[in-house]
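Down below is the structure, laid out as structure tokens.
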There are 2 protein chains.
Amino acid sequence: MTVTETAPAPVPVRPCFELERQRHRRPRPGGRDRYTISEVAEYAGLSAHTLRWYERIGLMPHVDRSHTGQRRYTERDLDWLDLVGKLRLTGMPVADMVRYAELVRQGASTVAEREQLFLAHREDVRRRIEELRGTLDVLDYKIEIYADARRRASEGA
Amino acid sequence: MTVTETAPAPVPVRPCFELERQRHRRPRPGGRDRYTISEVAEYAGLSAHTLRWYERIGLMPHVDRSHTGQRRYTERDLDWLDLVGKLRLTGMPVADMVRYAELVRQGASTVAEREQLFLAHREDVRRRIEELRGTLDVLDYKIEIYADARRRASEGA
DNA sequence: CGCTTGCCTGGAGTGCACTCCAACTCTCTA
DNA sequence: TAGAGAGTTGGAGTGCACTCCAGGCAAGCG
């Protein structure tokens with residue numbers, strides 16, 4: 001039995017944090033409760049493509065339609081997208097968010113499971129913060145080394 | 001001109017943090033300075049596949065070979081992999097790490113640029129930590145809501 | 001009436017970071 | 001000397017999260 005070709009852990013590739021995202025948040029256009037897809041895209045910092053895709057994969061509650069079949073989003077939808085945005089920011093995989101959306105659809109009986117999900121995720125986020133802090137130390141160390149080297153070079157020593 | 005289909009920001013998809021990774025770190029097998037690929041894989045928590053791939057894309061300094069052409073890694077290579085692991089943990093894109101590796105190969109003249117690279121990256125990491133902290137608040141809030149709901153339910157009120 | 005603009009759909013394409021495969025060689029132990 | 005188990009290669013495949021495209025419909029305006 002060889003150990004070589006087994007990756008020690010299943011190395012998940014996950015999306016990270018869109019640093020720019022938050023800056024693009026606009027105030028909600030006055031409470032008409034019938035927002036078009038482009039208004040929502042602007043508000044949530046997502047493309048219209050992505051909003052439709054979220055719906056396809058079950059990450060949105062059912063979105064209202066106008067009499068001609070165009071999407072009309074409500075305040076509740078915007079709230080939902082705010083939450084999804086936060087979870088996304090933490091690097092939660094889309095599949096997990098879809099799972100959560102399913103639980104919400106299933107109603108009050110899934111409250112305990114939803115709480116568990118968030119508890120587990122919170123631990124994850126905390127660990128990740130610690131991890132990042134650890135790498136900051138390495139970065140500090142490296143930067144100091146380079147700063148020293150630069151100083152020594154400019155002194156012409 | 002439509003604004004709808006333009007994603008407000010280029011939404012980079014980046015790998016995140018392998019939480020399990022660090023736990024798999026083994027002490028370096030006694031300083032023989034001629035480690036095989038499977039030893040290094042074990043040590044670094046990467047698969048042998050990935051080590052070869054790192055080399056192909058220029059993320060490794062040139063790795064020594066045995067007389068039959070098998071890779072033999074040195075302590076320096078392990079140090080390099082430690083650094084790469086840390087950078088990876090911060091979500092630095094592989095392309096950026098390759099860029100850094102190139103600068104190192106080019107020698108002392110690139111010290112200033114390397115320092116810049118790390119400075120910029122450190123800012124990035126700091127911002128990301130803040131971001132995560134922000135999402136922790138949302139998680140706390142959600143968890144409290146669910147805990148309340150559960151308490152109320154169990155009281156049968 | 002035609003034009004522009006915004007929206008619709010299913011499905012194909014993209015970029016990243018691996019991950020694996022086939023076909024082979026080399027080394028070591030029984 | 002045979003076979004297991006380690007290593008080698010280039011290139012193809014995978015999974016995720018989008019991202020885009022073609023082709024079409026509906027409303028508003030000059």
Side-chain angles (χ1 to χ4, degrees), chain A residues 1-18 21 34-42 44-60 63-73 84-85 87-98, chain B residues 1-18 21 34-42 44-60 63-73 84-85 87-98:
Chain A
M1 175 260 220
T2 168
V3 85
T4 305
E5 309 297 322
T6 58
V11 186
V13 172
R14 306 196 301 194
C16 276
F17 332 107
E18 179 38 27
R21 177 68 42 83
R34 310 271 303 159
Y35 304 112
T36 66
I37 198 167
S38 57
E39 284 168 339
V40 176
E42 168 82 353
L46 299 166
S47 72
H49 293 309
T50 302
L51 287 172
R52 294 190 200 104
W53 179 68
Y54 276 5
E55 218 175 310
R56 268 218 295 269
I57 64 175
L59 187 47
M60 286 296 293
V63 174
D64 239 40
R65 298 295 179 118
S66 73
H67 69 107
T68 57
Q70 297 190 189
R71 287 170 181 79
R72 291 294 177 260
Y73 294 83
V84 165
L87 295 179
R88 226 190 69 108
L89 232 45
T90 65
M92 182 185 271
V94 168
D96 289 6
M97 294 195 275
V98 170
Chain B
M1 174 262 219
T2 169
V3 85
T4 306
E5 310 297 321
T6 58
V11 186
V13 172
R14 305 198 300 196
C16 276
F17 332 108
E18 179 38 28
R21 177 68 43 83
R34 310 269 306 156
Y35 305 111
T36 66
I37 198 166
S38 58
E39 284 167 339
V40 176
E42 168 83 352
L46 298 166
S47 72
H49 294 308
T50 301
L51 286 171
R52 295 192 199 101
W53 180 66
Y54 276 7
E55 217 175 309
R56 268 217 296 268
I57 64 175
L59 187 47
M60 286 296 294
V63 174
D64 239 40
R65 298 295 177 119
S66 74
H67 68 107
T68 57
Q70 297 191 189
R71 288 170 181 80
R72 293 293 176 259
Y73 293 83
V84 165
L87 295 180
R88 227 191 70 109
L89 233 46
T90 64
M92 183 186 269
V94 168
D96 290 6
M97 294 194 274
V98 171

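Lettering follows sequence order; numbering is per chain, from 1.
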Notebook entry, point to check: Any idea which heavy atoms bring A/L51 and A/L46 closest together, and the distance?
Noted result: CD2-CD1, 4.0 Å
Check: Can you tell me how far P of C/dA17 sits from CG of B/L59, to the nearest Å?
Finding: 10 Å
Item checked: Proximity to the side chain of A/T68 - top-ranked nucleotide from C/dC7, D/dA27, C/dC18 -> D/dA27
Item checked: side chain to side chain contact (heavy atoms under 4.5 Å, CB included) partners of A/R65, counting only residues at least two apart -> A/E55, A/R71
Item checked: With B/R72 via side-chain hydrogen bond (donor to acceptor under 3.5 Å, both in side chains) - residues at least two apart -> none
Protein-nucleic acid N or O pairs under 3.5 Å, nucleotides 22-24 of chain C:
none

Next item on the list: To the nearest Å, give me how far apart NE2 (B/H49) and P (D/dG15) are.
Entry: 15 Å
Item checked: d(CD1, A/I37; C1', D/dA27) in whole Å -> 17 Å
Check: In whole angstrom, what separates B/D96's CG from C/dG15's P?
Finding: 16 Å
Checklist line | 5' precedence on DNA chain C between B/H67 and B/T50 (nearest-nucleotide basis) | finding: B/T50
Note to self: Between A/R72 and C/dC8, is there a contact of a side-chain N or O with OP1 or OP2 at under 4.0 Å?
What the structure shows: no
Next item on the list: Taking only the side-chain nitrogens and oxygens of A/S47, find out if one of them lies under 4.0 Å from OP1 or OP2 of D/dC18.
Entry: no
Checklist line | Residue B/Q70, side-chain atoms from C-beta onward, closest of D/dG7, C/dG6, D/dC18 | finding: D/dG7
Item checked: Atom pair OH (B/Y35) and CD (B/E42), whose distance is rounded to the nearest 0.5 Å -> 13.5 Å
Notebook entry, point to check: Between atom CD in A/E55 and atom P in C/dC7, what is the gap in whole Å?
Noted result: 14 Å
Note to self: Side chain of A/T36 only, heavy atoms from C-beta on: which candidate in C/dC18, D/dT19, C/dC7 is closest?
What the structure shows: C/dC7
Item checked: d(CZ, A/R34; P, C/dC7) in whole Å -> 14 Å
Notebook entry, point to check: Of all the choices, C/dC26, C/dG6, D/dC18, which nucleotide is nearest to the side chain of A/V94 once you look at every atom?
Noted result: D/dC18
Check: Heavy-atom distance under 4.5 Å between the side chains of B/Y73 and B/D64, does that happen here?
Finding: no
Notebook entry, point to check: Tell me, do B/W53 and B/L59 make a side-chain contact under 4.5 Å, heavy atoms counted?
Noted result: no
Note to self: Quick check: closest heavy atoms across B/A48 and B/A41, and the distance to 0.1 Å?
What the structure shows: N-CB, 3.9 Å
Margin query: Would you say that A/T36 contacts A/Q70 through its side chain, given a criterion of any heavy-atom pair below 4.5 Å between the two side chains?
Written below: no
Margin query: Measuring to OP1 and OP2 of C/dA17, would you say a side-chain N or O of B/Y54 lies under 4.0 angstrom away?
Written below: no
Item checked: Between D/dG15 (P) and A/I57 (CD1): distance, integer Å -> 16 Å
Protein and nucleotides 9-13 of chain C: nitrogen or oxygen contacts under 3.5 angstrom:
{"residue": "C/dT9", "atom": "OP1", "partner": "A/R65", "partner atom": "NH1", "Å": "3.4"}
{"residue": "C/dT9", "atom": "OP1", "partner": "A/R65", "partner atom": "NH2", "Å": "3.2"}
{"residue": "C/dT9", "atom": "OP2", "partner": "A/R71", "partner atom": "NH1", "Å": "2.9"}
{"residue": "C/dT9", "atom": "OP2", "partner": "A/R71", "partner atom": "NH2", "Å": "2.6"}
{"residue": "C/dG10", "atom": "N7", "partner": "A/R56", "partner atom": "NH1", "Å": "3.4"}
{"residue": "C/dG11", "atom": "O6", "partner": "A/R56", "partner atom": "NH2", "Å": "3.3"}

Checklist line | Axis bend over the full length of the helix from C/dC1-D/dG30 to C/dA30-D/dT1, computed from five pairs that close each end, to 10 degrees | finding: 10°
Next item on the list: Report the distance from atom CG of A/L51 to atom P of D/dC18, rounded to the nearest whole Å.
Entry: 11 Å
Checklist line | Identified side-chain contact (heavy atoms from CB on, under 4.5 Å) counterpart of A/V84 within the set A/M97, A/M60, A/M92 | finding: A/M97
